[in-house]
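Have a look at the structure below, then the notes.
Quick note: residue numbers are just sequence positions, from 1.
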Amino acid sequence: MNPSISKKERIISLDIIRGIALFGILLINVGTYKIIIEGQPLPDYSGVNGVIHQLIAIIVEKKFFSIFSFLFGAGLFIFASRAEKRGDKPRLRMVRRLLTLLLLGIIHSIIFWGTILHVYSIVGLFLIPFYRARVSTIKKWLVGMTTIHLVSLVLMIFLPTPKLLLPILEFFSNDLILIFIMFLAGFLTAKAGWLVQILSLSKQIRWMQAGAFLLFIPFSLSIWNAFQSGDNNVDLLIALGTIPTTLFYLSTLFLLLEKKHVLKFLKPISFVGQMAFTNYIAQSIIGTIIISLIGLDVVSPKDIVYIAILIYAIQIVFSIVWFKFFSMGPLEKMWRYMTYGKKYAKR
């Protein structure tokens, strides 16, 4: 059995997962860097392009931004608890951090209309009351919100929905609720101290992994069949399968990263995750430039894969080189300065 990894290595493992999530988000976002104007050709979804499009929908869509959301929630609790240890006011500092993110998100929206940063900042504000809440209370909220979200999706897919109930079901089944659920799950995981107990909780995590995998397979097959039959509920099926698939991915990654040889092999990705804010914004800039230089009128699923791999390779190299000279990403540094001011900007 591998010896337990150190605290420093656990931080690296979180950065690796964050870096992997960024690649998944990139696969979804690349196609949106080129805005389709009326009269222009639409992407080709026949043949190989169609298969790639469907595989991305099954394996990637909503799942990797859910992983990123989970880590954002965990990171927000860690940030607040560290602030409190320094004698700071954690909830006020959370507000400032999130409002700063809102401002930066609004600026980013000028470059990329599909940015998620301003959404994260607003939804993140709803985590603030949970900072002083008990772990048991957060668990109840998490179970309750997850149940409402999944039941809403099931009702919309399988039962005729009365018009009066439709707005309610649409609200509880949308991505904002999913983001909040994943924020809360990450927040709970960090608050309960589970992130530093992966080895001791490995049996429970394996059960979670097995259960999530048993759900992942039928959901994947049903989404594939929905694409083949032209089912109008395909987007709702993708949403319904997101939470179990995300649990399967997270549990698998946490278990794998307990193995030192896996951690060492994937360490280059940790540098991408360590400056996730910078890389997320840079992806939209690099992607737009590449699409413009190539002169693509439309971005097909094959183009998405090629461009995403190219961007990510550039970011791995850039991030490794950056951390040879600096301890923090450039936008992370700015975000920290705007959150704390001069007092902690260099820490």
Subject >> Distance, nearest 0.5 Å, that separates OG1 of Thr242 from NZ of Lys62 >> reply: 6.0 Å
**OP:** Would you please test Leu117 and Ile281 for side chain to side chain contact (heavy atoms under 4.5 Å, CB included) and show each step?
**Re:** CA-CA 9 Å; Leu117 298 179; Ile281 290 181; 3.9 Å; yes
Original post:
So if you build clusters from Ile, Leu, Val, Met, Phe, Trp, Tyr with side-chain heavy-atom gaps below 4.5 Å, do Leu310 and Tyr306 land together?
Top reply: no
Original post:
Would you find a donor on one side and an acceptor on the other, under 3.5 Å apart, between the side chain of Trp335 and the backbone of Thr100?
Top reply: no
Original post:
If you look only at pairs with a residue in residues 80-103, which of them pass as a ring pair (Phe, Tyr, Trp, His ring centres under 6.0 Å), with sequence neighbours excluded?
Top reply: none
Subject >> Side-chain (Ser292) to main-chain (Thr288) donor-acceptor, under 3.5 angstrom >> reply: no
Original post:
Lys63 and side-chain contact (heavy atoms from CB on, under 4.5 Å): which partner among Ile238, Ile243, Leu247?
Top reply: Ile238
Original post:
In Å and rounded to the nearest 0.5 Å, what is the CD1 to CD1 distance from Ile12 to Ile17?
Top reply: 12.5 Å
Original post:
Sequence neighbours excluded, which residues qualify as salt bridge (charged side-chain N to carboxylate O under 4.0 Å, His left out) partners of Asp231?
Top reply: none
Subject >> Side chain proximity check, Ile16 to Phe265, heavy atoms < 4.5 angstrom >> reply: no
**OP:** Output yes when a side-chain donor or acceptor of Thr278 lies under 3.5 Å from a complementary backbone atom of Leu331, and no otherwise.
**Re:** yes
Just list the side-chain donor-acceptor pairs under 3.5 Å for residues 198-219, sequence neighbours left out, or say none.
unit_1	atom_1	unit_2	atom_2	d
Ser200	OG	Gln197	O	3.0
Ser202	OG	Leu199	O	2.9
Gln209	NE2	Thr252	OG1	2.9

**OP:** Specify the closest pair of heavy atoms between Ile157 and Asn233, including all atoms of both residues, with the distance to one decimal.
**Re:** O-ND2, 3.5 Å
**OP:** Return yes if a side-chain donor-acceptor contact under 3.5 Å exists between Asn225 and Ser222, otherwise no.
**Re:** no
Subject >> By salt bridge (charged side-chain N to carboxylate O under 4.0 Å, His left out) - contacts of Arg132 (at least two apart) >> reply: Glu84
Under 3.5 Å, sequence neighbours excluded: what are the donor-acceptor pairs made by side chains of residues 183-192?
unit_1	atom_1	unit_2	atom_2	d
Thr189	OG1	Ala185	O	2.7
Lys191	NZ	Tyr131	O	2.9
Lys191	NZ	Ala133	O	3.3

Original post:
Are Val135 and Leu76 in one and the same hydrophobic cluster, where Ile, Leu, Val, Met, Phe, Trp and Tyr link if side-chain heavy atoms are under 4.5 Å apart?
Top reply: yes
Original post:
What's the shortest heavy-atom distance between Leu27 and Ala308, and which atoms?
Top reply: CD2-CB, 3.7 Å
Original post:
Between the side chain of Arg96 and the main-chain N/O of Thr339, is any donor-acceptor distance below 3.5 Å?
Top reply: yes
Original post:
If we ignore angles and hydrogens, is there a donor and acceptor under 3.5 Å between the side chains of Ser66 and Tyr249?
Top reply: no
Original post:
In the single-linkage hydrophobic clustering (I, L, V, M, F, W, Y; side-chain heavy atoms under 4.5 Å), do Ile110 and Ile286 co-cluster?
Top reply: no
Original post:
Do Val119 and Val95 share a hydrophobic cluster, counting only Ile, Leu, Val, Met, Phe, Trp and Tyr and linking them when any side-chain heavy atoms are less than 4.5 Å apart?
Top reply: yes
Original post:
Only one of Val51, Asn49, Ile307 clears side-chain contact (heavy atoms from CB on, under 4.5 Å) with Lys302; which?
Top reply: Asn49
Original post:
Using the ring of each side chain (for Trp, its six-membered ring), is Phe227 parallel, tilted or perpendicular to His53, with breaks at 30° and 60°?
Top reply: perpendicular
**OP:** Measure the shortest side-chain to side-chain distance between Tyr280 and His108 over non-hydrogen atoms and say whether it is less than 4.5 angstrom.
**Re:** yes
**OP:** Heavy atoms only: give me the nearest Leu240-Pro244 pair and the separation to one decimal.
**Re:** O-CD, 3.8 Å
Original post:
If you group Ile, Leu, Val, Met, Phe, Trp and Tyr by side-chain heavy-atom gaps below 4.5 Å, do Met182 and Val143 land in one group?
Top reply: no
Subject >> Any Tyr340 side-chain heavy atom under 4.5 Å of Arg86 side chain >> reply: yes
**OP:** Might you point out which heavy atoms bring Ile179 and Val123 nearest each other, and give the distance in Å?
**Re:** CG2-CG1, 4.0 Å
**OP:** Walk me through it: do His118 and Ser109 pass the test side-chain hydrogen bond (donor to acceptor under 3.5 Å, both in side chains)?
**Re:** CA-CA 9 Å; His118 59 294; Ser109 67; 6.0 Å; no
Original post:
Does the ring of Phe79 carry Arg93 above it, NZ/CZ under 6.0 angstrom from centre and within 45° of its axis?
Top reply: no
Original post:
Considering all heavy atoms of both residues, which atom of Ile20 and which atom of Leu253 are nearest to each other, and what is their separation?
Top reply: CD1-CD2, 3.8 Å
Original post:
If you count the non-hydrogen atoms of other residues, nucleotides and ligands that lie under 6.0 Å from OH in Tyr45, is the total more than 12?
Top reply: yes
**OP:** Check whether any side-chain heavy atom of Leu178 lies under 4.5 Å from a side-chain heavy atom of Asn174, and answer yes or no.
**Re:** no
**OP:** Would you please test Ser121 and Leu99 for side chain to side chain contact (heavy atoms under 4.5 Å, CB included) and show each step?
**Re:** CA-CA 6 Å; Ser121 65; Leu99 291 180; over 6 Å; no
Original post:
Between Leu127 and Phe72, is any pair of side-chain heavy atoms under 4.5 Å apart?
Top reply: no
**OP:** Could you tell me the separation between the CZ atom of Phe318 and the CZ atom of Phe271, rounded to the nearest 0.5 Å?
**Re:** 13.5 Å
**OP:** Quick one: do Tyr312 and Val272 satisfy side chain to side chain contact (heavy atoms under 4.5 Å, CB included)? Show the steps, please.
**Re:** CA-CA 9 Å; Tyr312 200 69; Val272 178; 3.9 Å; yes
Original post:
How many angstroms lie between atom CH2 of Trp141 and atom OG1 of Thr137, to the nearest 0.5 angstrom?
Top reply: 10.5 Å
Original post:
Does Phe323 reach the side chain of Met275, with side-chain heavy atoms less than 4.5 Å apart?
Top reply: yes
**OP:** Would you give the length of the straight line joining atom CD1 of Ile116 to atom OG of Ser69, rounded to the nearest 0.5 angstrom?
**Re:** 7.0 Å
Original post:
Does Glu332 have any salt bridge (charged side-chain N to carboxylate O under 4.0 Å, His left out) partners at least two apart in sequence or in another chain, and if so, which?
Top reply: none
Original post:
Under the side chain to side chain contact (heavy atoms under 4.5 Å, CB included) criterion, do Gln54 and Gln228 qualify, and how do the steps go?
Top reply: CA-CA 9 Å; Gln54 290 166 29; Gln228 307 313 308; 2.6 Å; yes
Subject >> Close side-chain approach of Tyr120 to Phe65, heavy-atom, < 4.5 Å >> reply: yes
Original post:
If every non-hydrogen atom of Leu22 is compared with every non-hydrogen atom of Gln283, which pair is closest and at what distance?
Top reply: O-NE2, 3.5 Å
Subject >> side-chain hydrogen bond (donor to acceptor under 3.5 Å, both in side chains) assessment of Ser284 paired with Asn29 >> reply: CA-CA 8 Å; Ser284 58; Asn29 284 347; over 6 Å; no
Subject >> Heavy-atom side-chain contact between Leu104 and Met334 under 4.5 Å >> reply: yes
Subject >> Proximity of Phe64 and Phe23 rings by center, below 6.0 Å >> reply: no
Original post:
Nearest 0.5 Å, what's the CD-CD1 distance between Gln315 and Ile320?
Top reply: 12.0 Å
